[in-house]
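To keep things clear, I will list the structure first and then write my remarks on it.
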Amino acid sequence: MHSVLVGSDSSGSVVLVDLDGDGVPGRRDRVSTADLPEAIAARERTVRPRWVWSDTSVWYPQLLAAGVRVDRCHDLRLCHTILSRTAAVRHHAPLREDPRWEAPPASASAAEPGDGEALFDYTGPGGTAREVPHDLDSALAEHARHLTALREAEADDPARARSLRLLLAAESAGGLIAEELRGAGVPWDVDEHDRILTEALGPRPQFDAKPARMQAVAEEVLRALGDPRAELDSPVKLVKTLRRAGIAVSSTSQWELQQHEHPAIGPLLHYKKLARLLTANGWSWLAAWVHDGRYRPVYVPGGAVTGRWASTGGGALQIPRQLRPALRADPGWKLVSADVAQLEPRVLAAMAGDRAMAQAAAGADLYSGIVATGAVSSRDEAKTAVLGAMYGGTTGASGVLVPRLRGAFPAAMGLVDRAAALGERGDVVSTWLGRTSPELPEPDAEADPERARRVSREHGRFTRNFVVQGTAAEWALAWLAFLRTRLAALPEDVEAPPATASGPVFARRAHPVFFLHDEVIVHAPASQAEAAAEAVRASAVEAGRLLFGNAPVDFPLDLRISERADKGAEKESPREGEVSV
DNA sequence: TCGCATAGCGCG
DNA sequence: AAAGCGCGCTATGCGA
């Protein structure tokens, strides 16, 4: 595998270094920053190397803006995070010798005010690294450490090392995809968003006034409480107000409010919904995050310890279903939306090689399949039981239902129970491909045995979930990486009106625009929507094979091609307190 | 006036 | 006031 390492030099130029199969540096090419995109494009057209660089979120945006897509990379920052913790590597000390590689992604700090303009300035005030180093020598040294770690893993356990390499490749692909998603942006219909807001809240008010309809609901609450001065926006004051009105609450959460019968409760819950919509995704959100018809959140690949992505700025992980209709394809384009049905329990069945659970997962709905085994008597029970199994539920309905799952699916339950037991006694656990959980901070002295027990149980629930959530994240990453490759292989559409707002790389071709744990949305020229949908399906199959070989577990998709991604409309609304997986 | 913790709720 | 995991964001309240 041919690699080319990219790093800056002291004069502000960029150096490309060819690396041979063993990572030994060879020919060097020095180019100016301005010439970098063409230098990379040239090699991308010929040898298609794996690009080794400090941080994809620093190097890739300028390439995308110049119309250059790269096929693959090794992101030193992302891979460092994995390697410096994975149990597949015995000696972590060398990887920790340069602490600058522990710095957060540049894109995350760039979202903060007062950031430096200099592309390669990685030292913040006080000398603390706020970005990983981007210079050639640091990158060469770090890459050498990665190769050493991988060779060690290889010597210890070749199969495990192979998984680890897959993980590093997938994680790095995630880095590329995150920037591509940001570069293309989610096609966003501002007028539709405004319609939704206006219908719910009333017309956009001048200045900071409360929207009219929201104001009307607020007044309804005040009347029902018989308290014209009640403050609805402060939980602390609201609790006191409610108590004065004879509603005995200790918080203002929806869950607790719903337990009470009072004419103010209905309008108050309504008010809280409206207030949430206004503050989280109202007109100011629109002004801040949607420009030129594109919503561009900042994704943080590997931002959660489990390997799931996080986001910073823009709230990509929490776009309310209510606003999904605002997600709309450009004219002449379509959206291909797909999500995996019950990804996590399917992943668990595959990891554990649990034949009975795989059998239950054979249909489109795993929960119905579990009912069919006779372990539980309804789909709701199946869901509660499965969630309890993966999250560590011990009380209430889970407390009754989870043990029944233990009888029906001993292998799957054994896997999560073992993960929990390891976590409780302070050991680390690893995902299928080798991402390893962080150490338990400190098992506490005898100072507070009560607290020590609680902390260790909490950690057990965390590690129980870590192996499943983390492996599901790996599946999703593989899905996305295959999809990215398949879409790039589709011919450009020269007939459809170009999606110029998506940038030069994607204006004429299908590209992913949204990713959320187990869900992906592709923006495709109408003529290629079917081909894109097929790519989404095929990639899911490929991801399953890559991780689990021929394990008899499939990953069925809910997929649709449309102009608007308003799938929330036809799905049943989730029940209270329910988490769908 | 600022930074930080908390409450609450959106998403999976 | 969720039970039972993982996130981000806003407004509020409090202390410095």
Distance check needed: [N] [atom2] versus [X] [atom1], whole Å only.
X	N	atom1	atom2	result
A:L278	C:dT10	CG	C1'	11 Å
A:H459	C:dC5	NE2	P	13 Å
A:E519	B:dC11	CD	C1'	9 Å
A:L238	C:dT12	CG	P	12 Å
A:R308	C:dG6	CZ	C1'	5 Å
A:L405	C:dG4	CG	P	16 Å
A:Q318	C:dG6	CD	C1'	13 Å
A:I521	B:dG12	CD1	P	11 Å

Please classify the nucleic acid contact of [X] as base, sugar-phosphate, or nothing, using heavy-atom distances under 4.0 Å.
X	result
A:V305	sugar-phosphate
A:G392	sugar-phosphate
A:G399	nothing
A:G315	sugar-phosphate

Side chain of [X] only, heavy atoms from C-beta on: which candidate in [options] is closest?
X	options	answer
A:A310	C:dG6, C:dG8, B:dC11	C:dG8
A:E256	C:dA1, C:dC7, B:dG8	C:dA1
A:L516	C:dG4, B:dG8, B:dG12	B:dG12
A:P235	B:dG8, C:dG6, C:dA1	B:dG8
A:T252	B:dC11, B:dG8, C:dC7	B:dG8
A:R461	C:dG4, C:dG6, C:dA1	C:dG4

Report yes if a side-chain nitrogen or oxygen of [X] is closer than 4.0 Å to either non-bridging phosphate oxygen (OP1 or OP2) of [N]; otherwise report no.
X	N	result
A:K273	B:dC9	no
A:T279	C:dC9	no
A:T395	C:dG4	yes
A:S253	B:dA7	no
A:R321	B:dG12	yes
A:Q254	B:dG10	yes

For nucleotides C:dG4 and B:dA5, find the distance between their C1' atoms and express it as a whole number of Å.
24 Å
Separation of the C1' atoms in C:dA3 and B:dC4, to the nearest angstrom
29 Å
Between A:E256 and A:S250, a side-chain donor and acceptor under 3.5 Å:
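A:E256 vs A:S250: donor-acceptor pair found between side chains.
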Salt bridge or not for [X] and [Y], using N-O below 4.0 Å?
X	Y	value
A:D339	A:R560	no
A:E180	A:R484	yes
A:R324	A:E519	yes
A:E458	A:R454	yes

Establish, yes or no, whether a centroid distance under 6.0 Å links the rings of A:W479 and A:F515.
no
Base of B:dC9 paired with side chain of A:R276 (donor-acceptor, under 3.5 Å):
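Answer yes: a donor N or O sits under 3.5 Å from an acceptor.
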Taking the nucleotide of DNA chain C with the closest heavy atom to each, which residue, A:S398 or A:E231, is nearer the 5' end?
A:S398
With nearest nucleotide decided by heavy atoms, which residue, A:N465 or A:S250, maps closer to the 5′ end of DNA chain C?
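Mapping each residue to its closest nucleotide by heavy atoms, the 5'-most match is A:S250.
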Applying side chain to side chain contact (heavy atoms under 4.5 Å, CB included) between A:V553 and each of A:R346, A:M357, A:M351, report the one that passes.
A:R346
Can you tell me the pairing partner of C:dA3 across any strand shown, Watson-Crick or G-U wobble, with both distances under 3.5 angstrom?
none
Counting only Watson-Crick pairs (N1-N3 plus N6-O4 or O6-N4) and G-U wobbles (N1-O2, O6-N3), all under 3.5 Å, who is the partner of B:dC2?
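Across all strands, the one nucleotide that pairs with B:dC2 is C:dG15.
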